[in-house]
Amino acid sequence: MQKFWKYLLVSPAVCAVMLFFNTATFAGETSSTSEINQPQVLANPDTKVENIAPDQPMAQVTSVSQFSDVQPTDWAFQALQSLVERYGCIAGYPNSTYRGNRALTRYEFAAGLNACLDRVNELIATATGDLVSKQDLATLQKLQEDYSAELATLRGRVDAVEARSAELEANQFSTTTKLQGQVVAVISDVLSGNTVNGAEITDENTTLGVRARVEFVTSFTGQDTLFTRIQANNILSPNIGTPEGNLFFAGDGTTDAAIDALFYRFPLGERTEVIAIANAGAADDLTTTVNIFDGDGAFGALSTFGTRNPIYYQIGGAGLGVTHEFSDKLALSLGYLSGTANDPTPNNGLFNGSYGALAQLTVKPSDRITIGLTYINSYNQPLLTGSNAANLAPLDLDGDGTLDSRFSSNSYGVQASIGITENIVLGGWAGYTNSRTLNGNRGEVDIWNYAVTLGFPDLGKEGNLAGIIAGVEPRLTSSNIAGLDSDPDTSYHIEAFYQYKLSDNITITPGVIWLTSPDHNNNNDDVVIGALRTTFSF
């Protein structure tokens, strides 16, 4: 150790070598904070990384004065100045700091020494060797001999890392795209109830269905996202004679795979984000639905009603959305989606067919409170859940599944989520829809829905989520359209589930949906639907 300190006293460059690698070793330790408004609790316990950001390089300096934390009074100032300005083999942190008080190992010292030796050799090779004194060279040569074993080990490690990196680059999926996937397997059955609207419920068999998704998440700049999803879904919701109680994750009943979602999201300035959607866009792509149970069918609520305020289902397809954050507490989202954007036939296309236009103001007065105020104008877009009358089903006179009357709707909603404690979240919403028929029997109807939710995050284990949903699915309260009567009674939707996290990649969710007086008719039997959902994420 005495010989070692003599070497340090001989040349200031040696001291600077130590300081240099102290910087190089820890330059990757950068911290960042996000200002983006995020929901209090996610139904999905797993975090998805959508943007792939490049590593931040160390910043090369040419003068010691560029370091904000280095002062002329520092004991190693002259050594650091010599290495920076004479040899140019030192780098600092991107934020212009040096952090010279960190400790280092012999391996770290050897790495720093090796970097400066490379720089000295470069100076000599370019005929600028006069910048290096003989005393410095002698000292560096002696240090190289003393640390030859460490240098050899370090070079071996670097060679191994380079070989491994080359292998990974040759076999990686993509430098810009992340591949992720999800499988949702569901066992469901109608547990109770025999008759709805005078017809017997025949879909009372236990079923097993699967929804499989493969997703490609691409980023070109580290801030944008190109999202492509391929999906196959053979899950079917039991037909109980009313849209009430239908399962959110249900599909078309086939295993045909198709592009289910395709969008490109990118920033426009510091506080504005734009999303261009080519296929299968939904309200939750445009804005937050302010419901901790909205897990897109894979997590959270089981039913379509329990997942989000039904007025959100009046917008879907292809189009454009913009969200501007005025501050961390206030954001405005605007969006337009067409359900017939790719259809060139008459009364279709991007602007002449079915569409939904959304405007939502999201207010977050505190970390535990979020409020959404929503307006949606739509054309030929039903609510997808609630009573037959609320979905204007009686206007399908020929029974072909398509309404014979065109209609437009104006919907208004308020959603709220309040974190009472870290493990109790109270939420809910209310939605009002006014729909007008534009041909055939002219008139208008009023439709209401509302719900109260109670969530228990991390119940029993971190990552778990228990939930209770109680409310009234869309109900037609008044109508002056001939052949479309108001719902006579009130049906209540009561849903409970417990999402249990078996591992980071597997969750299992048993739940029940109880419908009193389905289709808002007291003459119908109460219906209970049971489901067991298992979600695999990878």
Side-chain angles (χ1 to χ4, degrees), residues 186 188-204 207 235-251 291 293-294 297 300-314 381-396 401 403 409 411 413 428-433 435 445-453 467-477 479 484-497 511-531 533:
V186 177
S188 63
D189 197 357
V190 176
L191 306 179
S192 175
N194 297 315
T195 304
V196 172
N197 294 332
E200 183 180 356
I201 299 175
T202 58
D203 290 4
E204 292 185 322
T207 61
I235 302 173
L236 290 176
S237 228
N239 182 3
I240 61 172
T242 174
E244 286 186 46
N246 54 11
L247 303 175
F248 182 90
F249 37 73
N291 183 14
F293 300 150
D294 190 343
L302 302 172
S303 69
T304 301
F305 177 69
T307 298
R308 61 188 67 144
N309 189 334
I311 70 168
Y312 284 121
Y313 298 119
Q314 296 178 110
Q381 295 276 44
L383 292 166
L384 300 183
T385 188
S387 69
N388 284 297
N391 285 271
L392 310 184
L395 299 182
D396 178 14
L403 299 184
S409 302
S411 296
W429 65 79
Y432 165 72
T433 299
S435 295
V445 298
D446 294 324
I447 303 167
W448 286 88
N449 84 89
Y450 53 87
V452 176
T453 65
I468 299 173
I469 304 158
V472 174
E473 295 206 26
R475 176 175 178 264
L476 198 154
T477 58
S479 170
L484 182 60
D485 297 329
S486 301
D487 287 316
D489 304 300
T490 299
S491 168
Y492 293 99
H493 175 114
I494 302 172
E495 180 176 346
F497 67 87
V512 294
I513 302 167
W514 175 23
L515 303 173
T516 69
S517 304
D519 210 41
H520 299 296
N521 188 336
N522 288 341
N523 294 324
N524 295 330
D525 295 341
D526 288 5
V527 173
V528 178
I529 302 171
R533 177 185 63 201

- Task: Report the residue from N449, T490, T385 that forms a side chain to side chain donor-acceptor pair (under 3.5 Å) with E473.
- Result: T385
- Message: Among residues at least two apart in sequence or on other chains, which ones pass side chain to side chain donor-acceptor pair (under 3.5 Å) with T516?
- Response: none
- Query: Does the pair L484 and V445 meet the rule for a side chain to side chain contact (heavy atoms under 4.5 Å, CB included), with working shown?
  - Reply: CA-CA 9 Å; L484 182 60; V445 298; 3.7 Å; yes
- Message: Run the side-chain contact (heavy atoms from CB on, under 4.5 Å) test against T477 and tell me which residues pass, sequence neighbours left out.
- Response: D446, W448, R475
- Task: Considering non-hydrogen atoms only, spot the tightest contact between V186 and A531 and give its length.
- Result: CG1-CB, 4.5 Å
- Would you call the rings of F248 and Y313 parallel, tilted or perpendicular if under 30° counts as parallel and over 60° as perpendicular? tilted
- Could you grab the distance from atom CG of N521 to atom CG of D487, nearest 0.5 Å is fine? 8.5 Å
- Message: Going by side-chain contact (heavy atoms from CB on, under 4.5 Å), name the residues that satisfy it together with Q381, two or more places apart in sequence or in a different chain.
- Response: Q314, S354, S378
- Might you point out which heavy atoms bring S303 and I513 nearest each other, and give the distance in Å? CB-CD1, 3.7 Å
- Side chains of T307 and F293: closer than 4.5 Å at any heavy-atom pair? no
- Message: Could you work out, with side chain to side chain donor-acceptor pair (under 3.5 Å) as the rule, every residue matching S192, not counting sequence neighbours?
- Response: none
- Query: What residues form a side chain to side chain donor-acceptor pair (under 3.5 Å) with R533, not counting sequence neighbours?
  - Reply: T509
- Task: Over all heavy atoms of both residues, which pair between S486 and S479 is shortest? Give the atoms and the distance, please.
- Result: OG-N, 3.5 Å
- Item | Contacts of type ring-ring contact (aromatic ring centres under 6.0 Å, His included), residue W514, not counting sequence neighbours | none
- Item | Test ring-ring contact (aromatic ring centres under 6.0 Å, His included) applied to Y450 - qualifying residues, sequence neighbours left out | none
- Query: Got a sec, which residues hit ring-ring contact (aromatic ring centres under 6.0 Å, His included) with F305, two or more places apart in sequence or on another chain?
  - Reply: W429, H493
- Query: Can you name the nearest heavy-atom pair linking I447 to P474, along with the distance?
  - Reply: CG2-CB, 3.9 Å
- Kindly indicate, with the supporting measurements, whether the criterion side chain to side chain contact (heavy atoms under 4.5 Å, CB included) is fulfilled by I240 and L515. CA-CA 11 Å; I240 61 172; L515 303 173; 3.7 Å; yes
- Closest non-hydrogen atom pair between L476 and S387, with its separation: N-OG, 4.4 Å
- Working for side chain to side chain donor-acceptor pair (under 3.5 Å), residues T207 and S188: CA-CA 5 Å; T207 61; S188 63; 3.1 Å; yes
When the side chains of residues 193-201 are checked against the rest of the protein, which donor-acceptor pairs come out under 3.5 Å, sequence neighbours left out?
from: N197; atom 1: OD1; to: N524; atom 2: ND2; distance (Å): 3.2
from: N197; atom 1: ND2; to: G241; atom 2: O; distance (Å): 3.4
from: N197; atom 1: ND2; to: D519; atom 2: OD2; distance (Å): 3.1

- For S517 and S491, what are the C-alpha separation, side-chain angles and deciding distance, and is it a side chain to side chain donor-acceptor pair (under 3.5 Å)? CA-CA 5 Å; S517 304; S491 168; over 6 Å; no
- One should read off an interatomic distance between S435 OG and L383 CG, to the nearest 0.5 angstrom, of 6.5 Å
- D203: what forms a side-chain contact (heavy atoms from CB on, under 4.5 Å) with it, not counting sequence neighbours? P238, N239
- Query: Under the ring-ring contact (aromatic ring centres under 6.0 Å, His included) test, which residues partner F249, sequence neighbours left out?
  - Reply: none
- Query: Between atom CG of L302 and atom CD1 of I469, what is the distance when rounded to the nearest 0.5 Å?
  - Reply: 8.0 Å
- Task: Could you pull out all residues at least two apart from S237 that satisfy side-chain contact (heavy atoms from CB on, under 4.5 Å)?
- Result: N246, L247, A250
